[in-house]
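What you see is a predicted model; the values in this text were computed from it and never measured. Values reported hereafter were calculated over all heavy atoms of this structure, with side chains retained and with hydrogens, waters and symmetry mates removed.
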Amino acid sequence: MKERLQQHIRRALQSCFSQGQLHSGHCPDFTVEVPAHVEHGDFSTNVAMLLAREEKQAPRKVAEALVAALGQGDGLWNRVEIAGPGFINFFLTPRCWFGVLDEVVRQGRSYGCGQQGAGRKVQVEFVSANPTGPLHIGHGRGAATGDAVASVLQAAGYQVQREYYINDAGNQMDTLGRSLYLRYRELLGEDIAFPQDCYQGVYIKDLAREVLERDGERLLELPEKQAIRHFAEYGGGRIRNGIEEDLQAFGVGFDNWYSEQGLYDRGEVEAGIALLKERGLTYEQEGALWLRTSDYGDDKDRVLVRSNGATTYFASDVAYHKEKFERGFDLVVDVWGADHHGYVPRMKAMLAGLGRNPEDLQIILVQLVNLLRDGQQVAMSTRSGEFVTLREVIDEVGRDACRFFFLMRRSDSQLDFDLELAKKQSNENPVYYVQYAHARICSINRNARDQGLQPPELGQVDVDRLTLDEELALAKALDRYPETVAGAARHFEPHRIVFYLQDLAARFHSYYNKERVLSEDPETSRARLYLVNCVRTVLQNALLLLGVSAPETM
RNA sequence: GCGCGAUUAGCUCAGCUGGAUAGAGCGUUGGCCUCCGGAGCCAAAGGUCACAAGUUCGAAUCUUGUAUCGCGCGCCA
């Protein structure tokens, strides 16, 4: 709708230029917005105020010329007014608003999808937790966010790949192996002083016991190094499988699991470093190899190869991201914990150094989750290994509530997650509010069928029967859905969908309480059924983007 | 110390590319079931958008400074 108005305004502008009412001859970057107050119409544009300076005329004068040129707009609006400092307000006809219903029915499941990303490949990498322990609640937020961002981008027309980067190289795997090995020896009766820098969680003991049951005592015979490697491989594999199962329970699936170790095995890390050297972006100092990231906006230069010859984590990240783009992605999205925000400049710098536009890498920072129970903070400490796992939360509050809660705030603001609240089946809990709206409409459909009334087919309804303000408001809300999805995709902000859903559900509940859909008059009932099923379609489409189910009964 | 982010109703938070009289949920108070599912609805109260300058037709939004809070600042991953 917005776009149609923009076209009309542009056309009016051109005609003013050619007819000589206006002189500057160029079209400013104006906006068409939904005003905050209904008295200001359905849409409002600031174009006259933007032109005023160049035209050397009062904004309202410019607006008058434009309004004269706008004409009747093919019946799109029934009134145009100039208001305030020079806004032009449009009052659209109900008939044109209810046209959106046919659009929803025509497009069905794809209503809301757009073409802004058509022909572009994007990769979304998220979760990417180390395979050294189970996923915790923070990973859950990253998983929900990454998956929803990927879905939203898909809806915007991008070809999307979901990828999980497995940090299976470096000394953390060694630490995992050592932790397991020591617990194993402990189980066999040895008195072990378990080191601080080993993984403390109980899952380590469980895994060690598992190995003991499988392999018996014979691993004690192995040389320590070999034993540790054995434990690392076995434990890493088991933990990875566990992570995959947890994600599956959460409804998150990946197209690709990408191993860091594989980068080393194929010589990609070496190749990456060689390329940077070739481009003259590196130098040696005190026996280490540095990358000149500070030439591209970073605070300081960063080490790629340490003086002991070992490569840094950053070096494999260089190789990884270089390789991502070689795979042909036009856009790469990384979802990180916000505590890594200090790494953003060096990643962008690295891309710039490689001759790639830093904008082609978007990094979404996901803030901490503050876990509460009845308003009291649940104690968590990674060091002691006492943390609440994602699986525990899914089992306790359910997948839908869990996902919805993770997406209720913008990802870069901290999130309070109250376990008791998420479980409550009451009006305090926002998850069910939206799902309930969907279930209610399904219930209406069941009742309608009992009365021999089917949800009407495309256009088989008289929209003039829809005369209530609430009905018009619902149609307007449905019209706003596609641009909401587009905005969520452009800004990588899935929480916009959540807010939209709450708004749409509220409008529906309000309507439902005020007026019966199945009324005395069959034609009116059919029209309302048509409207309400459009609401259902959009609720379902939006919930689907978030990975939350749209139940028919609750 | 340097850098990044935050600061909006009692609480938790939205607020689009700078737009007109700043919004929602929860909580509080008072109403609504003979009625398609009350997991719902209606109404009221509640604000110096941290503070101070600046930019302009117009600032919660942009700039600078101040305060408070959080995070990050390794040849760790």
Side-chain angles (χ1 to χ4, degrees), chain A residues 29-31 33-37 39-40 44-46 49-50 52-53 58-59 83-87 89 130 132 167 169-173 175 260 285-290 298-300 302-314 316-317 337-345 365 367-368 375 408-410 412-416 418 421 424-437 439-448 450-451 483-484 487 490-491 493 495-496 498-499 502-503 505-506 508-519 525 528-529 532 553-554:
Chain A
D29 202 9
F30 64 93
T31 62
E33 291 187 343
V34 179
H37 303 279
E39 313 89 77
H40 296 136
S44 174
T45 180
N46 62 350
M49 290 178 285
L50 295 176
R53 173 171 300 197
F87 290 104
N89 297 335
N130 298 341
T132 57
N167 295 124
N171 57 30
Q172 56 199 339
M173 293 312 289
T175 304
E260 179 186 10
Q285 187 179 305
E286 293 168 33
L289 186 73
W290 297 72
D298 198 5
D299 299 347
K300 48 183 280 195
R302 306 292 171 178
V303 171
L304 289 168
V305 185
R306 291 189 272 160
S307 52
N308 69 2
T311 52
T312 60
Y313 185 80
F314 180 49
S316 54
D317 254 350
D339 51 341
H340 290 83
H341 69 81
Y343 290 77
V344 174
L365 299 172
Q367 266 289 2
L368 299 182
M408 264 187 333
R409 307 260 175 272
R410 14 179 336 141
D412 58 356
S413 78
Q414 283 195 24
L415 170 72
D416 286 341
D418 195 310
L421 177 61
K424 262 188 201 160
Q425 303 194 347
S426 78
N427 58 352
E428 291 166 68
N429 189 337
V431 184
Y432 295 108
Y433 185 78
V434 174
Q435 290 186 317
Y436 185 48
R440 250 184 173 172
I441 297 170
C442 293
S443 171
I444 294 171
N445 282 336
R446 287 190 293 271
N447 290 326
D450 289 346
Q451 299 177 18
E483 68 198 61
T484 302
R490 185 165 49 249
H491 298 279
E493 291 181 342
H495 76 277
R496 294 181 186 217
V498 176
F499 282 90
Q502 288 178 317
D503 179 72
F508 166 73
H509 284 310
S510 177
Y511 175 51
Y512 176 91
N513 273 275
K514 186 171 180 193
E515 208 73 29
R516 287 182 59 91
V517 172
L518 303 176
S519 64
S525 299
R528 289 179 177 171
L529 213 46
V532 145
T553 58
M554 293 178 70

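- For the OP1/OP2 pair of A22(B) and a distance below 4.0 Å, the side-chain nitrogens and oxygens of His37(A) include no atom meeting the criterion.
- By the salt bridge (charged side-chain N to carboxylate O under 4.0 Å, His left out) test, Asp298(A) pairs with Arg302(A), sequence neighbours left out.
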Could you go through nucleotides 45-48 of chain B and list every protein N or O atom that sits under 3.5 Å from one of its N or O atoms, giving the distance for each pair?
none

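- With hydrogens and angles ignored, no donor-acceptor pair under 3.5 angstrom links the side chain of His509(A) to the base of C41(B).
- Under the side-chain hydrogen bond (donor to acceptor under 3.5 Å, both in side chains) criterion, Gln502(A) pairs with no residue, sequence neighbours left out.
- Distances shorter than 4.0 Å separate some side-chain N or O of Arg440(A) from OP1 or OP2 on G38(B).
- In this view, Asp416(A) and Asn370(A) satisfy the side-chain hydrogen bond (donor to acceptor under 3.5 Å, both in side chains) rule, not counting sequence neighbours.
- Partners of Thr175(A) under the side-chain hydrogen bond (donor to acceptor under 3.5 Å, both in side chains) rule, at least two apart in sequence or in another chain, do not exist in this structure.
- The phosphate of G15(B) (OP1 or OP2) has a side-chain N or O of His495(A) nearer than 4.0 angstrom.
- Interface remark: the Ser44(A) side chain does form a donor-acceptor pair with the A20(B) base, using a distance-only criterion of under 3.5 Å.
- For CG of Asn308(A), the number of neighbouring non-hydrogen atoms (other residues, nucleotides, ligands) closer than 6.0 Å is greater than 12.
- Note on ring orientation: taking the six-membered ring where Trp is involved, the planes of Tyr512(A) and Phe508(A) are tilted (angle from 30° to 60°).
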Response to the item:
Its contact letters, B for base, S for sugar-phosphate only and - for none at protein heavy atoms under 4.0 Å, make nucleotides 5-10 of chain B read ------

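- Of the candidates A20(B), A39(B), C13(B), the closest approach to any side-chain atom of Asp416(A) belongs to C13(B).
- Taking the six-membered ring where tryptophan is involved, the planes of His495(A) and Phe499(A) are perpendicular, since the angle between them exceeds 60° and thus also 30°.
- Side-chain nitrogen and oxygen atoms of Ser510(A) include at least one within less than 4.0 Å of the OP1 or OP2 phosphate oxygen of C42(B).
- Nucleotides C33(B) and C42(B) are separated by 15 Å at their P atoms, to the nearest Å.
- Tyr433(A) has a side-chain polar atom (N or O) that falls below the 4.0 Å cut-off from OP1 or OP2 of C41(B).
- Contact check, Ser413(A) against A14(B): a side-chain N or O comes under 4.0 Å of OP1 or OP2.
- The line from OH of Tyr511(A) to CZ of Arg528(A) is 4.5 Å long, rounded to the nearest 0.5 Å.
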Contacts under 3.5 Å, N or O only, protein and nucleotides 74-76 of chain B:
residue, atom, partner, partner atom, Å
C75(B), O2, Ser307(A), N, 2.8
C75(B), O2, Ser307(A), OG, 2.7
C75(B), N3, Ser307(A), OG, 3.2
C75(B), N4, Glu286(A), O, 2.8
C75(B), N4, Glu286(A), OE1, 3.4
C76(B), OP2, Arg306(A), NE, 2.9
C76(B), OP2, Arg306(A), NH1, 2.1
C76(B), N4, Tyr343(A), OH, 2.8

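- Contacts of Tyr432(A) classified as ring-ring contact (aromatic ring centres under 6.0 Å, His included), with partners at least two apart in sequence or in another chain: none.
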Pairwise N/O distances under 3.5 Å, protein to nucleotides 57-63 of chain B:
residue, atom, partner, partner atom, Å
C57(B), OP1, Arg53(A), NH2, 2.5

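- Asp412(A) pairs by the salt bridge (charged side-chain N to carboxylate O under 4.0 Å, His left out) definition with Arg410(A), not counting sequence neighbours.
- The strand RNA chain B forms stems, runs of 3 or more Watson-Crick or G-U wobble pairs with distances below 3.5 Å, at B:1-7 with B:67-73, B:10-13 with B:23-26, B:28-32 with B:40-44, B:50-54 with B:62-66.
- Remark: Asn89(A) engages Ser44(A), Glu81(A) in a side-chain hydrogen bond (donor to acceptor under 3.5 Å, both in side chains) (not counting sequence neighbours).
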